[in-house]
Amino acid sequence: MMEGSFNPKGIEQTLYQEWEAAGHFVPQGNGPGYCIVIPPPNITGSLHMGHAFNQTLMDTLIRYQRMNGRRALWQMGTDHAGIATQMVVERQLQMEGIDRLELGRDKFVDKVWEWRNESGGTISRQIRRMGSSLDWSRDRFTMDEGFIRAVTEVFVRLHEEGLIYRGTRLVNWDPSMQSAISDLEVENHEEQGHMWHFRYPLTSGLTADGRDHIVIATTRPETLLGDTAVAVHPDDERYADLIGRTLRLPLVGREIPIIADTYVDPAFGSGCVKITPAHDFNDYAVGQRHGLPMVNILTPDAHINNNAPEAFRGLERYAARKAVVTAMTELGLVERIDNHKLMVPRGDRSGAVIEPFLTDQWFMKMESLAKPAIEAVESGAIEFIPKLFENTYFAWMRNIQDWTISRQQWWGHRIPAWYDASGKAYVGRSESEVRNKHGLAADIALTPDPDVLDTWFSSALWTFGTLGWPEDTPELRLYHPTDVLVTGHDIIFFWVARMIMMTLHFTHEVPFRKVYIHGLVRDALGNKMSKTKGNGLDPLDFIDGIDLETLVEKRTSNLTQPQLAPRIAKSTRDDFPAGIDAYGTDAMRFTFCAMATLGRDVRFDVKRIEGYRNFCNKLWNAARFVLQNTEGHVPQTTDTPSLADRWIRSRTRAMIEANKLALDTYRFDLLANSIYDFAWHEYCDWYLEITKPLLWNESTPAAELSTLRTTLLQVLEVLLRAAHPIMPFITETIWREVAPRLGKPSGTVMLQNYPLIDELKDDPEATRAIEWLKGIVLGIRNIRGEANIKPSLAVNLLLQSGDANDRELAAACEPLVKRLAKVDQIEWLADGQSAPANALAVVGTLKVMVPLAGLIDLGAEKDRLRKEIERLKGEVQRISNKLSNEKFVANAPADVVDKERAKAADASGKLATLETQLRSL
RNA sequence: GGGUGUUUAGCUCAGUUGGGAGAGCGACGGCCUUACAAGCCGUAGGUCGCAGGUUCGACCCCUGCAACACCCACCA
């Protein structure tokens, strides 16, 4: 027997193990394929709220399609996450006092594999706790054997096609990692800095206004050491006569030219720009145009190198900045220093300030790859949901830059290139292939490229790579293109766009037909969750609960900035004074679905999950009620449904219809609302209450009772199937109790059909009847509530006026009205017959009266009437204004006008009745 | 600098061809009514950011403005 309140702890893990052991997550049957690939979680640690959100949506879709009979594959896998993982393992080793460089590459990579085996297990356990029905038997890793093969193949082919090339370029250089990174991995943030105005002396002569120097402005004084020119705008009259003359670069002594270039904005600063081609992207371009020498003044770890004057050599870049400013000050060459806000580029992983740095790297040409990828979205072959994100996609794709794909790191896919003694690069699937292809004898030494590829290079192959490419597999034919990609808007460029380009290029198919883009999970205040801020939350803590001290400990340990610990501890104590309750997986999943509004970030509020935990409990107890009242029930073939049975079946059908629409349009919020509203406010609030007097009345006819019990079970059973994709555990648990009573074969709800609307009949007549009943009951309840009549006290009821329909329904629903509104006697008054003093509700034209008889305070009742009269007056006024507007009557559709007329009649009828009533009191 | 989004009840958010402003939570009042106090019943609360325009009619369509958020970008 089911316990009195819902306790998720007991059921979830057992059920998941059962499902997995039974192989339910493996696609089966002969239905059409349906496939979603998981955005592979990084192996850097543990699952966060974003993963939980992401997976809830995917699992809902997968479970829905599986129930629809599709051969549904949810492809599992994890990402090696090159830089992120290397940093984590490096930090771990550091804490053990081990230096990466001392350890050496091979041993370090071994350590990372150890880490990945450990971390992978943690992630798998966490994902299982979310209830995610992934096919674990097909689990993949972006650096498994198959992926190494696929990555190599792709690299070699792109190189053969000339789309991958090696070159010396100015790239984004992360001095802390000493590696190149791509444009996307650089985050620009505004920071407070300074603008230094320096005087650069002319080698000879004077300026037009009689000075012997010009003034340049810079935010990076240390780059002065690498200046090879100063540029002015060609049309700038102030400097026209200086173009072609030279300056003496202070501190360095180099003679540098004054050049003219339209890049310079004459209105900004002095109109003179120092040009440092080796350390600034713009200056690089200017240098190229003017054939300027490039003087690199930095070492890979951002210290001043030997190309600079001796005094500055070996200084760290910010020390060098100070030294340059000091030296310039001493020379009297500082005009002034202003405060200045500037955009500072930082590495998204390391947080280090990025240097434009001249190095040899591998690049991918993107323009030709982007073209078909743009067309795929334009043509609708791929559809973004919400559509809005297509603009984001187009904007980036139409202005795409070449992709720096090599990383000076150890963890990742090795670049399949080898170098001979002269430094010439050979690309091939293996060293022997390279030797054969280029006729390189065995005695010619080849050195493998030490670098690895950007992590996103392999991620881009995810859909077809996981399905077996480059082999031609049955899975590729059945599941590719995949049906939908579900991911956050933060990786549209990193991942989605590159997947589209690579997949189209190599398979001539789109990777997926739809891309559902969801928002980011933020904390209750709308802040982005992060470990550094200490506002991150672990989904498992909402599932299992966590006490305050453990939570504080968890949030403040292993911080990259330990000094923040006290503040984080305090805010944690403020936000979760009693820790976090155990809400269970279903409540968490329901919360995510309910909050998945298109295109919006979600603020995760404990109040919401609490509400949905309560909903779980509601469902649980409704099931208990049904089970208690259907003990030993055997459904009969003859079905004689009452009005209420017909009504709830009809409403169930409407819910199913709404659910399907919601699921087909990826409106998880509407799906959740549809289920919640139906289950709580129709099935529980009304239908279960309606059944009580019938179930407990010995005079209820056997056939009617039997049908009632069948309906109780049937609707619950349909509801469980309908809700299963969102809340798998509770629905499975209850379903196993309920289904046998309907004669359904035992088993699992997850392999049942998703409800079809044809299982239930639409019944407008019954709907009207129950709406009538609700009107009567709500009217009486309003009177009772306003008059403060104790719920335990029964009232009598007088009915008057109304039509034949009212009399018929009143007779049919008498026991229901009595039960639902706690009414003792019901009596009809003839038209015109005077009634005792009473509180009045009007339903249609029917007068529903509760005799005052000492129960109700006359003054309070008058107030209640006046309030209702005011409301009705307003309504009548509004509608009559509308109807007296000839243009409205002439232009509005006939049905709208009719509707307004009916409303006016109803409202003014009620109004008249209530006004009469008020006078009579 | 360019672009996108958001602005609806105290809070978080729905509002699907323009035609009666909704939910959850919170607030207030009343209830241990034999599924559920994680519950039940009732009530209050909104000039739909601001200003115009189109229309018989605008939360919805158009224009402008404001605030906030995010994305992209090379201004020294």
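We name chains A, B, ... by the order of the sequence lines, and we start the count at 1 in each one.
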Tabulate atom names and distances for all N/O pairs under 3.5 angstrom spanning the protein and nucleotides 22-27 of chain B.
unit_1: B:G24; atom_1: OP1; unit_2: A:H681; atom_2: NE2; d: 3.4

Inset, instruction - Taking side-chain hydrogen bond (donor to acceptor under 3.5 Å, both in side chains) as the test, write out the residues that go with A:H194, two or more places apart. - result: A:N339
Between the protein and nucleotides 56-61 of chain B, list every N/O to N/O distance that falls short of 3.5 Å.
unit_1: B:C56; atom_1: O2'; unit_2: A:N885; atom_2: ND2; d: 2.7

Inset, instruction - Report, as yes or no, whether the 6.0 Å neighbourhood of atom CD on A:E886 holds more than 12 heavy atoms from other residues, nucleotides or ligands. - result: no
Protein-nucleic acid N or O pairs under 3.5 Å, nucleotides 42-47 of chain B:
unit_1: B:U43; atom_1: OP1; unit_2: A:N782; atom_2: ND2; d: 2.9

Legend entry - Pairing string, 5' to 3', for RNA chain B - Watson-Crick or wobble contacts under 3.5 Å, brackets [ ] where pairs cross, | to another strand: (((((((..((((.....[..)))).(((((.......))))).....(((((..]....))))))))))))....
Legend entry - Sequence-distant partners of A:Y683, side-chain hydrogen bond (donor to acceptor under 3.5 Å, both in side chains), two or more places apart: none
Inset, instruction - Keeping to residues at least two apart or across chains, list the salt bridge (charged side-chain N to carboxylate O under 4.0 Å, His left out) pairs with something in residues 663-682 of chain A. - result: A:R651-A:E682, A:R667-A:D669
Strictly under 3.5 Å: I want the nitrogen or oxygen pairs between protein and nucleotides 2-9 of chain B, one per line.
unit_1: B:U6; atom_1: O3'; unit_2: A:R600; atom_2: NH1; d: 3.4

Legend entry - Pairs meeting criterion salt bridge (charged side-chain N to carboxylate O under 4.0 Å, His left out) with involvement of residues 888-898 of chain A, two or more places apart: none
Legend entry - Any donor-acceptor N/O pair under 3.5 Å between B:C31 base and A:K790 side chain: no
Name each donor-acceptor pair under 3.5 Å that joins a side chain in residues 588-596 of chain A to protein atoms two or more places apart or in another chain, with its distance.
unit_1: A:R589; atom_1: NE; unit_2: A:I726; atom_2: O; d: 2.8
unit_1: A:R589; atom_1: NH1; unit_2: A:D59; atom_2: OD2; d: 2.8
unit_1: A:R589; atom_1: NH1; unit_2: A:M130; atom_2: O; d: 2.9
unit_1: A:R589; atom_1: NH2; unit_2: A:D59; atom_2: OD2; d: 2.9
unit_1: A:R589; atom_1: NH2; unit_2: A:P725; atom_2: O; d: 2.9
unit_1: A:T591; atom_1: OG1; unit_2: A:A587; atom_2: O; d: 2.6

Inset, instruction - State which residues pass side chain to side chain contact (heavy atoms under 4.5 Å, CB included) with A:E185; sequence neighbours excluded, sorted by chain then number. - result: A:I83, A:I181, A:S182, A:D348, A:R407, A:D454, A:F494
Legend entry - Base of B:A73 paired with side chain of A:Q401 (donor-acceptor, under 3.5 Å): no
Inset, instruction - Looking at every strand, decide which applies to A:F268 at a 4.0 Å heavy-atom threshold: base, sugar-phosphate, or nothing. - result: base
Legend entry - salt bridge (charged side-chain N to carboxylate O under 4.0 Å, His left out) partners of residues 613-623 of chain A, not counting sequence neighbours, each pair once: none
